[in-house]
Structure formats: structure tokens, C-alpha cells
Amino acid sequence: MQPCLRAAKELIGKILVRKEKGKLYSGVIVETEAYLGSRDAASHSFNGPTKRNSVMFGEGGFAYVYFTYGNHYCVNAVTGKAGVAHAVLIRALEPLEGISFMKKNRGTEDVYLLCRGPGNLCRAMKIDGSLNGASLLGDEIFLAEFPREKRIKVKRTLRIGITKNPGKLYRFIDPQSPFVSRINYKKLLKANLKKVSA
DNA sequence: TTGCGGATGGACT
DNA sequence: GTCCATCCGCAAC
């Protein structure tokens, strides 16, 4: 598998940790999308480097945070060597720590909505443009292994919200998780409940 | 300086 | 499932 796609798949089940003003936020990654730079018209880096996307052209292991639609930040993990502008968009998390602060930041009490969608998870965790270019091994934001190795049967699907280069199975989700965006999570919760009681 | 497009989210059917 | 408000970044002028 292409290395960036493999990275997107392997990020499912990892923990994203964010520290801000002494507050700790974390969540399990349940949804990602791969963007393959110069090979992928849907990628911000498709047309070459600009001031906005420059982080993607650097070494892997750093955060590419961009602002879109006038109100949302989205966070990516840059993958690959310098010059290869590949990145993995983190689209949804299952919140673990800092849930009370997330509720405040998002203005909702529904835990299933806190980190659902790339814009929402950034708002919940106070991720903004100041983290663009930050190391993903740093103090403010970093990735961690889930302590218990739980097997997730990762599913590949079509990417969300793009018009260029559609039809590629570059989105990776945990199909069991009710925290994935663009699904009827109440229905999935009910189905999971049935499975447990059966 | 300006026009346009967008890796969204939320409201609505 | 569909629609659309909203405003920054960029490229063209």
C-alpha cells in the first residue's frame, strides 16, 4: 500500500493528545483521509507550494493546520520525506480526556458531537493556525498509542466533501464507532446495543 | 485590488 | 439524503 495510505490506516485507533493552557485533551482517532500531494487533485498541495501549504512540503511528522470555509480549522499529519507533500486529514475522534472542556469549547453537551468532523474536533481541542508546522512529537500536540491493543477492522470508503479526484477509497474509518462523521450515530448506537445484549 | 472556490457544519426534507 | 451561509487564501488582473 502507498505509504501515506498506510499511515492513514494505521492512525485509526491511535490517540491524538492536545495540551493547551494546562488543559489536557485527548481522543481516539476513528476517521482519517489521505491526500496524496502532486498525484491528487483534491490535495491542497496539488498545484505546488504556497505560503498556506508549505508545511506539507516539509518532513513528515508535523501538523498541517489550515483554515477553510471562513470558520473551520482542520488538522493533518504530514507524512513522507521533505518534498513529498502527502498528508493525513484527521476527521473524527472518540473523546477520552478533557471532555468537560470540549463541551464548553463546542457549546454542546452531546459527547458524540464533540469531535465529529475535522472542524469540530479542532474547535473542541483548541487547535488553530498557531499549531501549523508544530511537531507531532511536541508538547502542545502529539500522537500516542492506545494502551490496550484493540483490534479494529478498518474500513476504506470514499472521501467526504471533495469535488476533484473523487472515487478514490482514501478515507479510513472504524466502522464500529459511533463517533465517525456523516453517519447516523444514534442508529449505530442502537445496533451496537442490540449486539451487546444478544 | 478583486473574484472565486472550498479537505465544512448544521439545518432541513 | 439536499441546501447554503460564510470568509480566508490564492491567483489573476
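Each chain gets a letter, A, B and so on, in the order the sequences are listed, and its residues count up from 1. On a predicted model such as this, the values are computed, not experimentally measured, just so you know.
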Using both distances under 3.5 Å as the test, list the Watson-Crick or G-U wobble partner of dT1(B), or none. dA12(C)

Using Watson-Crick geometry (N1-N3 plus N6-O4 or O6-N4) or G-U wobble (N1-O2, O6-N3), each under 3.5 Å, dT6(C) is paired with none

Describe the nucleic acid contact of [X] in one word from base, sugar-phosphate, nothing, applying a heavy-atom distance below 4.0 Å.
| X | result |
| --- | --- |
| I162(A) | sugar-phosphate |
| N120(A) | sugar-phosphate |
| R159(A) | nothing |
| Y35(A) | base |

How far apart are the closest heavy atoms of M102(A) and S26(A), and which atoms are they? CE-O, 3.6 Å

Side chain of N71(A) only, please: which of dT6(C), dG9(B), dA7(B) is the nearest? dT6(C)

Among dG9(B), dC8(C), dA11(C), which nucleotide sits nearest the side chain of R182(A)? dG9(B)

Rounded distance in Å - [atom1] ([X]) to [atom2] ([N]):
| X | N | atom1 | atom2 | answer |
| --- | --- | --- | --- | --- |
| R106(A) | dG10(B) | CZ | C1' | 10 Å |
| D128(A) | dC8(C) | CG | P | 14 Å |
| E33(A) | dG6(B) | CD | C1' | 14 Å |
| I160(A) | dA7(B) | CD1 | P | 13 Å |
| I127(A) | dA7(B) | CD1 | P | 19 Å |
| L121(A) | dA7(B) | CG | P | 17 Å |

Residues K81(A), E59(A): salt bridge by 4.0 Å N-O rule: no

With a 4.0 Å cut-off, would you call E33(A) and R159(A) a salt bridge? no

Given that L113(A) and S43(A) both sit by DNA chain B, which one's nearest nucleotide is further toward the 5' end? S43(A)

Stacked pair Y69(A)-dG9(B), distance under 5.5 Å, angle under 30°: no

On the side chain of Y66(A), is there an atom forming a donor-acceptor pair with the base of dA7(B) - under 3.5 Å, no angle test? yes

With no hydrogens and no angle check, do the side chains of E31(A) and S181(A) hold a donor and an acceptor under 3.5 Å apart? yes

Pair Y25(A)-N105(A), side-chain donor/acceptor within less than 3.5 Å: yes

